[in-house]
Every structure is written in C-alpha cells, then in structure tokens.
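Heads up, the thing below is written out as structure tokens.
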Amino acid sequence: MFRKVLVANRGEIALRVIRALREMGIASVAVYSDADRNSLAVRMADEAVRLGPAPSAESYLRMDRILEAAALTGAEAIHPGYGFLSENDVFAAACESAGVKFIGPSAAAIRAVGSKTAARQVAKAAGAPIVPGIEEPVDSMDEARRVAREIGYPVLLKAVAGGGGKGMRRVDREADLEAALRDAASEAERSFRNAEVYIEKLVLEPRHIEIQVLGDEHGHMIHLGERECSLQRRHQKVIEESPSPVMLQYPELRHAMGEAALKVARAAGYYNAGTCEFLVDANRNFYFLEMNTRLQVEHPVTELVTVLDLVEWQLRIASGERLTLQQEDIQWRGWAIECRVYAEDPTADFMPSPGRIESVREPSGPGIRLDSAVYAGMTVPMEYDPLLAKLAVWASSRGRAIERMRRAISEYRISGIKTNLEFFDRVLADSEFRTGSFHTNYIPDFFARAGRSVAPTEDEMTAAKAIAVFHEAKRKPVTAGPAAGSRWRASLHAEVLR
Amino acid sequence: MFRKVLVANRGEIALRVIRALREMGIASVAVYSDADRNSLAVRMADEAVRLGPAPSAESYLRMDRILEAAALTGAEAIHPGYGFLSENDVFAAACESAGVKFIGPSAAAIRAVGSKTAARQVAKAAGAPIVPGIEEPVDSMDEARRVAREIGYPVLLKAVAGGGGKGMRRVDREADLEAALRDAASEAERSFRNAEVYIEKLVLEPRHIEIQVLGDEHGHMIHLGERECSLQRRHQKVIEESPSPVMLQYPELRHAMGEAALKVARAAGYYNAGTCEFLVDANRNFYFLEMNTRLQVEHPVTELVTVLDLVEWQLRIASGERLTLQQEDIQWRGWAIECRVYAEDPTADFMPSPGRIESVREPSGPGIRLDSAVYAGMTVPMEYDPLLAKLAVWASSRGRAIERMRRAISEYRISGIKTNLEFFDRVLADSEFRTGSFHTNYIPDFFARAGRSVAPTEDEMTAAKAIAVFHEAKRKPVTAGPAAGSRWRASLHAEVLR
Amino acid sequence: MKGLPPNWQISEIEPGLYSILDGTRSLEARVSRNHKGYVVDLNGQILEFELEDPRELSSGSRHHGRQGRADIVAPMPGKVVRVLVSAGDAVEEGQGLVVVEAMKMQNEMKAPKDGKVTAVSAKEGASIAAGQVLVTLE
Amino acid sequence: MKGLPPNWQISEIEPGLYSILDGTRSLEARVSRNHKGYVVDLNGQILEFELEDPRELSSGSRHHGRQGRADIVAPMPGKVVRVLVSAGDAVEEGQGLVVVEAMKMQNEMKAPKDGKVTAVSAKEGASIAAGQVLVTLE
C-alpha cells in the first residue's frame with residue numbers, strides 16, 4: 001500500500017479522501033489555491049502545498065504544479081477526486097510518466113470512454129443499448145439537420161467533452177436548430193475549450209439512473225447497483241438516492257442494467273471505480289448515456305446501502321490489490337438519500353450565493369452522514385462550483401429515510417450566505433416525490449406547481465420583524481428621552497466616517 | 001401512536017429522543033432547568049417548559065413539575081431517558097395515575113428488578129447465574145463480617161439503589177470492612193437517599209458485558225446481543241463496543257448470555273428496552289449482575305451493528321404496538337465503538353472541567369455518529385454529570401473501527417474546557433486494547449503502564465509557545481520604541497481598573 | 001420591549017442568535033444583515049425584509065419603486081461576462097441586460113420593467129461586489 | 001516575527017485559531033488562556049504553560065515554588081463539600097485538604113508537599129470559582 005498520497009482536489013471531496021487516507025494509515029498531501037489556504041483540507045491533511053492563485057486554470061488544473069508537489073513531498077500516488085483533472089487522460093498519462101500512480105482507470109480507458117461519442121461507440125460495439133443518435137460530432141449545419149431529421153425531434157445537442165449540462169440544448173423543431181447549435185458550441189468552447197457537439201434522440205420523461213462499477217487491475221469487475229439521479233436542476237443533480245424507487249417494483253432491472261454497465265466497462269478495459277449513466281423510460285427501457293471515469297459526487301448513497309468504502313477500494317485497487325468481493329457478495333440494505341447543499345438563493349432563481357459564512361450548525365445523531373468542507377468564518381470562493389456539503393442519511397426504508405433527512409435539515413443552519421436547504425425540505429414533503437414515481441423533469445414541474453420558494457406567512461413575518469427590532473435594541477440600547485435618537489445618529493455617523 | 005411526547009431529561013439523550021420523535025412525526029416537549037434554558041434540546045424541541053433552578057432535586061427530579069408540564073402541553077407520554085427518574089418506579093406509577101404513558105417497563109417490573117438485590121433474587125429463581133453473595137442489604141457489621149467470610153475475600157460492597165460506582169467499595173481483608181461499609185453507606189445515602197448496601201463476591205479480572213433486550217407489552221421479547229463495557233474508570237464506562245471481542249472467538253457465548261438475560265427479564269414481567277449486566281471471567285463463566293430498566297447511554301453501538309432504532313422501538317412498544325422482530329431476524333454486522341466525551345482534565349486526574357466552551361469542531365464523514373449536546377458559547381453546568389457527547393463509529397471490522405475512531409478524534413476539537421479526547425486516542429493506539437483481550441481493570445492498568453497523560457515533547461512545547469507569542473503580538477501589535485511597553489501597560493492598567 | 005408579541009420569552013444564545021419561547025412553543029431565530037436589509041432565519045426558514053425602524057443602519061435604499069428609476073444591482077459577488085445593452089436603449093420587462101458569472105454559473109440580470117437605459121456601470125470582465133449597481137433604467 | 005521557527009507560514013482562521021505550514025507540514029493551533037496561563041491545542045494535543053513574555057496579561061502568578069508558600073486552588077468551579085484541615089495543622093505531602101464537588105463527582109485536593117496550614121479560605125457548602133484559593137500551606 002502507498003505510504004503517502006496527494007489529493008489533487010478541494011472542498012468536501014478532498015476531505016473525503018484525506019479521511020480515508022488517515023483511516024488507512026497513509027500520509028496525506030493537500031494542494032491548494034490561494035482561495036483555499038485556510039480550508040479544512042489544508043488543515044486536516046498531514047502536508048499541504050500551494051498551487052497558485054484562485055482561478056482553477058492557475059491552480060487545480062495545473063498538472064505541472066501538482067506533479068511538482070507530489071515530487072516535493074514524495075507522494076507515491078495522486079487521487080484526483082471528481083471534476084478538475086479527474087477525467088483527464090493527459091494527466092493520468094503524465095502521472096504515469098512521472099512515476100506517480102494515478103488513482104483511477106488507465107489513460108487508455110479514459111480515452112476509450114472519456115468522450116461521450118467514444119463511449120457510445122464502445123457501448124454499441126459491446127452490445128449495451130444506447131440512445132439513438134450519432135457517435136461523431138456534427139461538423140456542419142447540413143449534417144446536423146440531416147441527423148436530427150433522421151432520429152426525429154425532439155433532439156438533444158450535447159458537448160462532446162461536456163458535463164453538468166454545459167453545452168447542452170433541447171431542440172424541438174428544425175427552426176430552432178441553428179441557433180441552438182451555435183449556443184451549445186460556444187458554451188462548450190467556453191467551458192471545455194472544445195466546441196464539438198453531437199446530437200441524440202431526446203428520451204421523453206426519462207429517469208436518470210447510474211450504475212457504480214468497481215474493478216481491479218487483474219481483470220475482475222463487479223457492479224454495486226444503482227443510484228437514482230433524476231432530480232436535477234439545470235442538469236445538475238440535487239437529490240440522489242439508492243436504491244432507485246423503480247427497483248422496488250422491478251428488481252430484475254438492477255441486474256440487467258448492472259450487466260450492461262459491466263459490458264461497457266469491460267470493453268473499455270476499465271478498472272478502479274467508475275459509473276455508467278443511463279436513461280430509463282417509462283417502459284423501463286434503458287439506454288447507456290456516458291461513463292464517468294472517476295468517483296462520483298454522490299458515491300455516499302452507494303456506500304450507505306452496500307456498507308462498502310469506495311475510496312478505500314480505489315486506493316487498494318490502485319496499489320495493485322485484488323478486488324476480493326464477488327458479485328454475489330454485494331447486498332443492498334435499507335435506503336440512502338443525499339442532498340447536495342449548494343450556496344445559492346432559492347428566492348432569486350437559485351443564483352450562486354458566494355460570500356462569508358457567519359455560522360454553521362450541522363445535523364448529527366443516528367443515520368446521518370455529512371461530507372462538508374465549510375466552517376463558520378469561511379469565505380465561500382466565487383471561483384469554484386457552489387457545492388458546500390453533501391448531507392446523506394440512511395434508514396431502513398425510503399419513507400424513514402425521507403423523514404430522517406427532513407429531521408436533519410431541520411437541525412442544519414448556515415447563515416451569512418443563502419443555501420438550498422429550505423428547497424430540499426419542500427421537495428421531501430412533496431407527495432409526488434414521495435410516491436417515488438418521477439422523471440428528470442421533476443424539479444421544473446415542481447417549480448411550476450409549487451413555486452420557486454414559499455412566501456412567509458404574515459405571522460412569520462411579524463415574528464421575524466419583532467426579533468430584528470429586539471436585536472437592534474439589544475445592540476444599541478435605547479435610553480429614555482430625545483437624546484437617544486441623536487446619540488444613535490452620532491454613533492452611526494462615527495461609523496460612516498471611520 | 002402518540003401525537004405528543006414529553007422528554008424528561010437533558011443533554012444528549014434529550015436530543016436523541018427529540019430526533020426520533022421528529023422523524024416519527026410526533027411533537028416533542030422539552031423540559032429544562034434554568035441552567036439549560038439555552039440548550040439544544042430546548043431549541044430543537046417543538047415546545048419547552050421550565051422545571052426550576054439548576055439543581056436536579058429542584059428540576060429534573062421534580063415529578064410533580066414534570067407531570068404538570070405534560071398536562072400543560074397535552075403530552076400523551078413521557079420518555080425518561082437515562083438517569084434522573086428513568087428507573088424510578090414511583091414516577092412510572094405516578095405517570096400511570098396521571099394518565100400519561102411512561103415509556104419504559106411497568107412500575108411493577110422496575111420494582112421487581114430495579115434494586116440489585118431484588119434483581120439477584122429474580123435471576124436466581126429464573127435460573128440465571130449470579131455472583132455469589134447475598135440478596136439482602138446487610139443490616140449490621142456482624143452480619144457483614146459473617147457474609148464476607150462465607151463468600152471469601154475480596155468482596156465488593158454495593159449500594160442497593162446504586163449505579164455508576166457510587167456507594168461501591170472493594171474490600172480485600174476483614175480489617176478494612178468496617179470503614180468501607182461506613183463510606184459506602186454514606187455515599188449511597190448522599191447519592192441515592194438510600195444507605196442500604198449489600199455484599200458480593202468480587203470476580204477477578206472480569207469483563208463487563210451487557211445484553212440488550214427488547215420486548216413488547218404482549219409477551220414477546222428478544223435480545224439484541226451484547227455490548228462490551230469493560231473499559232471503565234471510577235466504575236464509569238468510557239469506551240464501549242459491540243460486538244465484544246470475546247464473541248469473535250466464542251460466538252456461542254452471545255446466545256448463552258442472551259438466553260440468560262431473557263430469563264431474567266421474562267421472570268420480571270419486563271417489557272420495552274432493558275439491559276442485563278454480566279461479569280464474564282477468563283473462563284467465560286458469566287454472572288448476572290443487575291438490570292438497567294431503561295435505555296442505556298451506550299445504546300448507539302447496538303443500533304449501529306443491528307441497524308435497529310431502539311428509541312423508535314421504545315415508542316412503538318409503549319404505544320401498544322407488537323414487536324414484529326423475531327430473534328432469528330437479528331443480525332450483527334461489522335463493528336461499532338463509542339467514546340464518551342467527558343468534560344474532565346486528563347492532566348489533573350480527570351477532575352471535572354465545567355465551564356464555557358469557546359469553540360467546537362465536530363468530526364463527520366463516513367461511518368461517524370455523534371450524539372452531542374454542546375455548542376460554542378455554551379457553559380457546561382457544574383450541576384450535572386460531565387458527559388458532553390458520545391462519539392460512535394461503525395466500520396466493517398474492529399481494526400477499521402479503531403482507525404476510524406482515531407480519525408474522528410483527530411478532527412474533533414473542543415476548546416475552553418478540558419476533555420478526555422486525547423486519552424481516547426492513547427487507549428485506541430494501545431496494543432493491549434487492540435488485542436481485544438482486557439478486563440475491567442484495563443484503564444487503571446493502562447495508567448500504571450503509560451501514565452495519565454503524555455508530556456509534550458520539547459519541540460511541541462517550543463511550537464506551542466511560538467504560536468502563543470505570535471498570537472499575543474497579533475492581538476496587541478508592538479510598535480517600535482520604548483513607548484510601546486508603556487502604552488501596553490497603560491491599556492492593561494485601564495483593563496484592571498474597569 | 002415595544003412590539004414584542006405577548007407571551008414571548010427571549011434568551012440570547014450568542015450575538016444575533018435567540019431562543020424564543022412563545023408560551024411553550026420553541027422558536028429559534030438568527031438575525032443578520034445583508035446589502036438588502038435584514039435576514040432572519042426563523043426555525044430554518046429565511047425571511048428577508050427592510051425595517052421601517054428609524055434606527056435602521058442602512059444608509060439609504062437603492063430601490064426606487066416600479067414607476068421611477070430602477071437600479072439593477074449584482075445579487076452576488078462575481079464577474080461581468082457580457083453587457084447586453086447600452087445607454088439610451090429602450091428595454092422591455094424581462095429583457096436581458098447583463099450576464100454575471102459566479103461559481104461556474106452564468107446568470108442573466110433581467111429588466112424588472114419596460115424602460116430606457118440611462119446608465120451602464122457594468123464593464124465586461126470586471127469583478128463586482130454584491131449590491132453593486134450594474135445598469136440604471138428609467 | 002522574532003521567535004517564530006524558520007519555514008513557518010501562519011494563517012489566521014479566526015481570532016486565536018491558526019493554520020501553520022512548517023515547510024509542507026500542516027499544523028493547526030488554537031490559543032486560549034485560562035486562570036493558569038496559556039492553553040494551546042496543537043493538532044488536538046493540549047499544551048499548557050506560562051509565558052515569560054513581558055507583555056503577559058497575568059496579574060501575578062499564584063505559584064510560589066516548592067520550597068515556600070503553596071496556595072491550593074480550585075481546579076474547576078464547584079462546591080466545597082468538606083474541609084479536612086484547620087489553620088495550624090501540620091500536613092504531609094499527599095494528605096487530603098479539601099473535598100470539592102462538581103458534576104456529580106467529589107475530588108480531594110491534596111497537599112503538594114509537607115508543610116503547615118497557614119490559612120483555610122474554603123468554607124463547607126460554599127460555591128467556588130476555578131482558580132480560587134482554598135488552603136494555603138507553608
């Protein structure tokens with residue numbers, strides 16, 4: 001096993017890996033940008049090395065600086081987390097050249113399934129069902145028109161190098177195709193420095209379900225079942241669960257999708273942890289979408305229902321160990337739900353809300369798992385994505401898990417910036433969510449039904465104002481007589497002049 | 001099911017019950033003494049009612065005030081937690097008379113096994129093995145001498161109404177008997193308002209292992225396996241685990257002890273959650289000690305390995321539901337360890353350390369369960385016991401659980417008061433603890449081997465002093481020239497005169 | 001305390017954090033301020049408002065009503081990605097004015113009403129603070 | 001900063017909490033004070049000491065060395081349960097002087113050296129603060 005591992009990431013996932021390293025007796029090296037000098041990752045790691053200024057391009061995307069940090073500290077391996085360089089085959093190869101183990105699949109496997117079009121070709125060849133469309137980027141408007149007509153509207157334009165909904169556009173009719181293609185390509189160029197876009201059939205009212213696979217470097221691979229990821233906003237997942245509610249009724253679907261995922265991964269010569277994403281339509285037809293060649297954000301829900309430690313296995317596999325689990329060893333027990341707590345403002349169309357966190361109170365007690373990287377006094381940087389924490393719960397059933405999550409949210413307080421905690425409580429209380437029968441348009445539909453946020457009642461507003469007045473009076477005690485007002489003004493004046 | 005339940009306790013156990021109530025959709029009522037007005041229990045409960053001043057006798061032990069609070073709020077049931085009135089048959093009966101359900105066993109069952117001597121008689125009659133001794137309190141020195149000679153020294157004097165080591169004395173020879181009896185009786189009188197003491201054979205180098213039982217009000221009862229509670233200091237448990245390491249080697253012992261526990265509980269007409277304590281000697285002979293007729297402090301380790309929710313079951317049983325679990329449904333999976341975080345000073349013989357908590361950073365991430373009732377800015381009252389929090393972990397094996405606990409401790413920070421967190425890390429790193437082979441004298445032996453605390457190295461002390469100097473310089477910037485010193489003194493002077 | 005509901009008993013946990021017992025009902029509230037006014041977290045629900053209290057610290061509202069001038073302010077710190085209008089342009093309610101980026105997300109600031117652009121303070125590529133005026137309409 | 005080890009780079013997280021990079025090695029330290037002096041939590045290890053720094057705030061040490069006077073002070077807030085000695089008594093090192101109760105535990109304050117009791121300030125039943133002198137030996 002490695003003696004020292006560098007974690008080439010930030011935020012909660014850096015902490016997740018540092019925690020696993022500590023539990024395994026492996027020294028940890030954090031890397032940080034100037035915006036993260038005071039982060040919990042830097043403070044909890046055994047060592048820390050500066051990469052550069054806040055922007056990712058000058059820090060967490062600097063392969064050279066990361067490899068220098070590994071050399072400086074003598075780290076034998078690099079865990080890339082998710083995002084940043086985690087799915088970058090050039091980085092994986094550079095690690096190999098530098099004699100540092102990249103904790104993930106081989107550079108060749110990343111290349112084989114790293115782009116969506118390549119992955120579709122692999123899946124098709126391996127016999128896994130894929131969404132109708134083409135496997136190549138479109139290179140002209142004429143070709144785009146031809147392909148779209150062939151597979152039939154509505155179609156989806158997607159960035160070849162994409163993720164997180166960037167460079168993605170739904171097109172319902174030919175008239176909109178040209179503008180959408182231009183928008184998608186320019187967004188793809190901005191986001192990934194790769195303007196290539198491809199077209200696929202839009203599956204209507206699908207669930208988004210993904211399968212976790214885990215394989216060693218000696219040819220043995222299993223799947224760990226599914227995660228239900230249909231609850232998305234702007235193509236970003238916000239609530240995930242495992243199992244998927246659909247599997248309660250149709251348990252054979254897990255096996256079928258698991259087999260399909262393993263076909264794709266095996267065809268790509270994949271090892272370590274990876275995820276195959278699928279769309280599942282109302283008739284439970286499933287279509288392979290793409291493969292994420294790294295640890296997923298939402299891996300905790302799989303860990304909670306399988307009681308396996310995915311990061312521990314990533315490390316063991318990368319160090320050459322054999323995966324000692326067989327497919328039949330894997331059992332799914334109870335129910336897990338995860339909420340992604342973002343710095344965003346539900347009352348302002350979920351706009352990002354970076355800034356200083358004044359105070360934090362975290363939920364705890366039975367069945368709670370919190371993967372967070374924030375603390376009171378922290379300034380949430382505006383340079384990175386707005387994920388503050390992942391709040392996950394486990395309980396014996398879906399209903400109990402939902403109630404446990406609501407309990408946890410009722411304890412959770414983050415002040416100074418806005419978060420989507422209230423939004424989660426509204427969704428978890430929603431009867432349609434609770435039926436378990438929903439698809440990827442659930443959140444837009446929910447907003448249409450129930451609004452983006454709930455206006456406070458008059459009683460609540462009266463109470464809040466009364467407290468604010470009490471608070472002001474406490475901060476600046478009012479003494480009797482007219483002098484009070486002018487003293488107030490004087491002190492205000494002094495404050496302004498300061 | 002109840003619609004509203006009053007929680008007649010404070011601290012972490014009040015929160016534990018309030019959390020369960022919230023998850024079950026039951027309204028919660030907290031009660032509080034003046035020392036706990038700002039507690040998390042008061043803030044997290046739906047309602048809260050003041051009982052009286054800080055001393056327990058004027059607040060948490062006031063049955064009349066608690067029943068008034070239940071009547072005022074319309075609570076249908078009372079959860080007593082542990083300690084305070086939880087094992088008080090008079091209170092259980094008073095609840096019944098007041099038409100409020102006592103969440104626990106019947107008053108008659110508490111009487112049947114509530115005192116240690118009564119419990120011994122029940123156990124003996126039911127055919128469960130007990131420690132040689134007498135079942136009645138001694139009422140004279142002569143009788144005490146006769147009994148102690150009969151069963152042979154060393155003997156143990158124990159308070160009939162006791163718990164937590166109060167009113168307990170080891171006596172190695174007759175010469176010490178009289179003084180020890182006087183001490184034990186007066187401590188018992190002070191602690192429990194009951195001076196009665198009994199004598200039993202001291203089992204040498206025993207493990208302290210307890211069995212959790214759970215039964216409904218319709219005559220069905222099962223056991224949930226054991227908790228290893230041998231790690232005690234001053235007869236207070238500090239680290240508990242489940243399973244007991246001894247069960248790894250001798251799995252049949254769990255079944256035998258479970259059966260014995262059920263015999264005792266059934267003979268007492270017991271229902272709801274309860275615990276039978278046993279001593280287990282080196283030859284795995286086990287002796288019933290006493291029964292705790294309530295939820296135990298350390299119940300989380302059982303919950304973690306059985307994935308059952310004991311408080312949920314307490315509530316369901318008290319509302320008349322049947323226990324739908326059969327003995328063969330119960331499975332023990334992985335390993336759980338709990339550390340009791342106390343406000344005490346390891347460098348000063350673990351003396352209590354009440355006071356103001358300046359800041360708290362709590363551990364989180366995979367496999368952590370924290371039941372805590374403290375927050376930054378809280379003043380830990382000196383009137384109650386020093387338990388601040390229970391830190392529990394689950395992992396797939398004992399070794400992994402130990403490393404996970406050490407990782408959690410490495411993240412945990414409580415400043416302003418002293419705690420025993422460092423002590424836990426030393427024990428968890430101790431090779432004897434890690435073998436799993438130990439008995440109730442482990443902690444005194446550990447102190448004899450390794451000292452009460454570890455002196456910092458010179459390097460550590462140098463670093464700490466450098467930081468303190470840096471901190472002072474930062475708080476009061478030094479400007480050049482001799483004026484700085486006098487300005488410093490002037491401001492100090494002003495401070496003193498204030 | 002004038003204005004406090006009857007039966008309220010308030011206890012301060014730390015500056016700005018209060019536990020309130022309204023009879024037996026337990027409430028918890030945290031009071032803070034942002035550039036728009038007061039933010040009260042009441043049992044996890046966020047309420048935002050301005051106080052008419054004469055002792056309010058705000059140095060003057062930036063909001064001028066629907067009929068008159070309207071300042072479009074940055075709702076969060078970020079960077080101006082694109083400016084979509086120029087001074088003198090007529091705009092319709094809902095029309096995009098400025099695109100601001102923060103935390104890897106682009107957000108379009110839209111006109112709150114029909115009107116005319118009287119000033120454009122936003123500059124493409126510039127960093128901005130929460131509450132900073134980007135565009136003024138009339 | 002004089003006295004700081006070379007290669008240290010310190011960053012303040014909040015008042016009293018520091019992240020230190022000693023080369024690449026990461027340390028975290030919280031500095032606070034109690035009635036005895038400084039308390040530094042260094043990566044979870046608690047170190048207590050007094051500083052010889054001239055700017056120390058302490059208004060005079062209570063510790064007078066092994067040879068001379070010794071004040072027995074309360075290590076925590078609590079209540080005096082029993083006073084076991086009177087002024088004028090000769091005591092041996094380790095002998096119990098006062099029993100203090102806090103958090104349901106009784107603790108015996110013991111003589112740190114052989115000597116004579118010169119003053120007993122502790123009163124049975126009295127509440128005491130941390131650092132309060134209970135007994136003085138000579």
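Remember, predicted model here, so these are calculated numbers, not experimental data. What you see below is based on every heavy atom in this structure, not just the backbone, and it leaves out hydrogens, waters and symmetry mates.
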Distance (rounded to the nearest 0.5 Å) between C/Gln45 CD and A/Asp425 CG: 10.0 Å
A/Glu472 and C/Arg33: side chain to side chain contact (heavy atoms under 4.5 Å, CB included), yes or no, with the steps? CA-CA 11 Å; A/Glu472 279 304 333; C/Arg33 294 182 59 93; 4.2 Å; yes
Report, as yes or no, whether the 6.0 Å neighbourhood of atom CZ on C/Arg25 holds more than 12 heavy atoms from other residues, nucleotides or ligands. no
Relative to chain C, which of A/Ser410, A/Ala463, A/Gly355 shows the most heavy atom pairs under 4.5 Å? A/Ala463
Please report the C-alpha distance between C/Tyr18 and A/Lys474 in whole Å, then the side-chain angles of each, then the deciding distance to 0.1 Å, and finally whether the side chain to side chain contact (heavy atoms under 4.5 Å, CB included) criterion is met. CA-CA 11 Å; C/Tyr18 302 97; A/Lys474 196 167 177 79; 3.8 Å; yes
So what's closer than 4.5 Å to chain A heavy atoms on C/Leu27: side chain, backbone, both or neither? neither
Between A/Ser353 and chain C, which part of the residue has a heavy atom less than 4.5 Å away: side chain, backbone, both or neither? backbone
Pick one of side chain, backbone, both or neither for C/Val31, based on which atoms fall under 4.5 Å of a heavy atom in chain A. both
Looking only at heavy atoms, the pair that brings C/Met103 and A/Pro381 closest together is CE-O, 3.4 Å
Please name all residues satisfying side chain to side chain donor-acceptor pair (under 3.5 Å) with A/Asp34, sequence neighbours left out, ordered by chain then number. A/Arg50
Contact part of A/Ala464 toward chain C, heavy-atom cut-off under 4.5 Å: side chain, backbone, both or neither? both
Validation row: C/Asn107, A/Pro352 side chains within 4.5 angstrom (heavy atoms): yes
With only heavy atoms counted, which part of A/Arg426 is less than 4.5 Å from chain C, the side chain, the backbone, both or neither? neither
Please round to the nearest 0.5 Å and tell me the distance separating atom CZ of A/Arg356 and atom OG of C/Ser32. 11.5 Å
Pairwise side-chain contact, C/Glu48 with A/Lys418, heavy-atom cut-off 4.5 Å (strictly under): yes
For a 4.5 angstrom cut-off between non-hydrogen side-chain atoms, does A/Glu344 reach C/Met76? no
Measure A/Leu421 against the heavy atoms of chain C and call it side chain, backbone, both or neither at under 4.5 Å. neither
May I ask you to say whether C/Glu28 pairs ionically with A/Arg361, meaning some side-chain N is under 4.0 Å from a carboxylate O? yes
Considering only heavy atoms, which portion of A/Glu383 lies under 4.5 Å from any heavy atom of chain C: side chain, backbone, both, or neither? backbone
Between CG on residue A/Asp345 and CG on residue C/Asn34, distance to nearest 0.5 Å: 9.0 Å
Residue part contacting chain C, namely of A/Ser359, when any heavy atom lies under 4.5 Å: side chain
Which distance, rounded to the nearest 0.5 Å, do you find between the CZ of A/Arg413 and the CG of C/Leu17? 9.0 Å
Side chain / backbone / both / neither for C/Ile10 at chain A, heavy atoms under 4.5 Å: side chain
Tell me the closest heavy-atom pair linking C/Pro77 and A/Pro354, and the distance in Å. CG-CG, 3.6 Å
Per the side-chain contact (heavy atoms from CB on, under 4.5 Å) rule, which among C/Leu42, C/Leu47, C/Val40 passes with A/Met461? C/Leu47
Taking it one step at a time, do A/Met382 and C/Glu101 satisfy side chain to side chain contact (heavy atoms under 4.5 Å, CB included)? CA-CA 9 Å; A/Met382 63 167 164; C/Glu101 181 174 290; over 6 Å; no
Determine whether A/Ser415 and C/Arg30 satisfy the following criterion, side chain to side chain contact (heavy atoms under 4.5 Å, CB included), listing intermediate values before the conclusion. CA-CA 8 Å; A/Ser415 73; C/Arg30 184 178 286 280; 3.1 Å; yes
What one should report as the nearest heavy-atom pair of A/Ala468 and C/Tyr38 is CB-CD2, 3.9 Å
